[in-house]
Enquirer: 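Would you mind keeping the following structure in view while I ask a few things?
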Amino acid sequence: MYVNVDAAAVAVTDEAPRANPMALAPRSAAIVTLPVKRRGLSARLWKASRSSIEAVGPPFVTISLLLLIWQVAAGSPTSSLPSPLKVIDDSWDIIAAPLRVGKGIDQGLFWHIAASLGLVANGYALAAIVGIGLGVLLGQSTIAMKGLDPIFQVLRTVPPLAWLPLSLAAFRDGRPSAIFVIFITSVWPIIINTSVGVRNIPTDYRNVARILRLSPLEYFLKIMMPACVPHMFTGLRIGIGLSWLAIVAAEMLIGGVGIGFFIWDAWNSSRISDIIVALVYVGLVGFSLDRVVAYAGRLVSRGTAAT
Amino acid sequence: MTPYLDIQQLGITFTRGDAKTEVLRGVDLKIEKGEYVSVIGHSGCGKTTLLNAVAGLLKPTTGVILLENQHVEEPGPDRAVVFQNHSLLPWLTVYENVAIAVDKVFARKKSRSECRDWVLNNLALVNMLHARDKRPAEVSGGMKQRVGLARALAMEPKILLLDEPFGALDALTRAQLQDSVMEIHARLGNTMIMITHDVDEAALLSDRVVMMTNGPAATIGEVQDVPLPRPRRRLDLAENRDYIHVRAAILEFLYARHKGPTLQAA
């Protein structure tokens, strides 16, 4: 079909110069000046590549500029921080072999990240379950709201690391303490956002449920969950960001395999370049976590936006 | 013979802290099976409160409501409501919005394929089959209201409660929907109570028009019979003497004897 359009266009443009421009002025002018859209495969490829260049171009330019400024600022031999080229030079062995398996805490960066992610997964899963549960309770029951909300408002302002000594005292082990710190850090936004979502379910939806005589379980599954999914995922997204913030700090103090302790260890051995490589990893993983939760939220809440 | 729906000395008072607001007092109304009754009155006179009480969404402070000699105590699918703002669930398609009601109400009585047919049947009744896979956000306001009507009809209610069903629609869409409702009422013979503040709508659709006095402590002021033969066509009625008389009586009640709160203040 596209080929036909192109062929017709070619025929028209071929014919145009032959026609007498004076005699057929209005008609030939109309034909000649009509732009013909190129819609062949090559045109579509060109369009796709152009839009991807438009998407990737600006960040590429800004990143290059930042690296350049950094290189100039930290390029002198007396500089206290390494320049980008020096980072690559110093830390090439850890950049090149992220999957290396060594002894004890001497592992490739991938394994450190994986260990940290494992802790986050545990703590965050716990926080999601407890947070959604408590959020629903707080949203449904005014008494629970009145009783628990003041406590939550105070506890949520406690910095993550302030919980660590207490949890070390309680669990007497690094791993469960780290999981607890992740949990206690990320649970508050999940509770608060879920309860707001439940509270904001329109009275009309509740009335529909009452007229249909939906059981509490049916109401929970068919009305409440879909209605407050957008709020819930706002909380879950803030929560995953906070967990990743907390894990790096907690691991610095707890030790063992994990990206937080890797950074602390690098600092103690004055491997500043390794710290910078680790920071890039931490940033990219945190970004991906946020995107994954946001994407899950979009998938689950498709079409739940109120009309 | 006992009436189909019997409202006796209904009174509703809202209590909030120490403040008490008496919205309805001493409402008596009897409705026969298959009757189409409109309730009209100024804003804030408790029309919706009355409807919610019949739906069971509000508990009467005094008096009783009997439907086929059964006390109305809680909401149920035998008293389906068409809400003013359609209240469809936005995450479900048009089909699913009706199906959620059918699947629940007929869970034991109909097979899966019968339920499906029944949903489609009701969507066809309101001319919405073509949009069955669309979500509420993708159809117009009038279409949403049609789906809301299909959902209520699909419950096979003993009484259908319409809370200003056409209030948020433009005049042309409203006229179309009024015709649809008249047609459905003629075909199925539902008993209906409709809240409205539109005099023409009340006169056109109803067998009787219940006129409410102004709140607080509103009650039924007058009941106007509409002695017009069915089927009614809005074009024929414009010149009809009975129709003109009914309209005049309602207008007289609303604007001469029971002026709205704002009119009184002026």
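Naming: A, B, ... by sequence-line order, numbering from 1 per chain. Atom set for the values below is all heavy atoms of this structure, side chains included, hydrogens, waters and symmetry mates excluded.
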Enquirer: Could you walk me through whether B:F83 and A:I211 pass the side-chain contact (heavy atoms from CB on, under 4.5 Å) check?
Expert: CA-CA 12 Å; B:F83 296 93; A:I211 286 169; 3.9 Å; yes

Enquirer: Does A:K222 form a side-chain contact (heavy atoms from CB on, under 4.5 Å) with B:L92? I'd like the steps, not just the answer.
Expert: CA-CA 10 Å; A:K222 290 185 176 173; B:L92 299 180; over 6 Å; no

Enquirer: At their closest point, which heavy atom of B:K104 faces which heavy atom of A:L212, and how far apart are they?
Expert: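 Minimum heavy-atom separation between B:K104 and A:L212: CG-O, 3.2 Å.
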
Enquirer: In terms of heavy-atom pairs under 4.5 Å, which option from B:S87, B:A80, B:G56, B:A55 contacts chain A the most?
Expert: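 Looking at each of B:S87, B:A80, B:G56, B:A55 in turn, B:S87 comes out on top.
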
Enquirer: Could you look at B:R79 and say if it's the side chain, the backbone, both or neither that has a heavy atom under 4.5 Å from chain A?
Expert: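 Both parts, heavy atoms under 4.5 Å.
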
Enquirer: Kindly give the heavy-atom pair with the smallest separation between B:L88 and A:Y205, and that separation in Å.
Expert: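 Scanning both residues completely, I find the closest heavy atoms to be O-CE2, 3.7 Å.
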
Enquirer: Does the side chain of A:V229 come within less than 4.5 Å of B:W91's, by heavy atoms?
Expert: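 Of all side-chain heavy-atom pairs linking A:V229 with B:W91, none is under 4.5 Å.
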
Enquirer: For A:L45, is the CG atom crowded, meaning more than 12 foreign heavy atoms sit under 6.0 Å from it?
Expert: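 Enclosed.
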
Enquirer: Measure B:V81 against the heavy atoms of chain A and call it side chain, backbone, both or neither at under 4.5 Å.
Expert: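 Both parts, backbone and side chain.
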
Enquirer: Which pair of non-hydrogen atoms, one from B:L57 and one from A:R210, has the smallest distance, and what is that distance?
Expert: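 Looking at all heavy atoms of both residues, the closest pair is O-NH2, 3.3 Å.
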
Enquirer: Contact part of B:N52 toward chain A, heavy-atom cut-off under 4.5 Å: side chain, backbone, both or neither?
Expert: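 Interface part for B:N52: neither.
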
Enquirer: Quick test of your reading of the model: are A:R213 and B:E74 salt-bridged, counting only N-O distances below 4.0 Å?
Expert: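 Here A:R213 pairs with B:E74 in a salt bridge, since their nearest N and O are under 4.0 Å apart.
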
Enquirer: Please classify the contact of B:A101 with chain A as side chain, backbone, both or neither, using a heavy-atom distance under 4.5 Å.
Expert: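 Backbone plus side chain of B:A101, per the 4.5 Å heavy-atom cut-off to chain A.
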
Enquirer: Quick check: are there more than 12 heavy atoms from other residues, nucleotides or ligands sitting under 6.0 Å from NZ of B:K134?
Expert: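 Not more than 12 within 6.0 Å, no.
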
Enquirer: For atom CD of A:E54, is the number of surrounding heavy atoms from other residues, nucleotides or ligands below 6.0 Å larger than 12?
Expert: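 More than 12 heavy atoms, drawn from other residues, nucleotides or ligands, come within 6.0 Å of this atom.
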
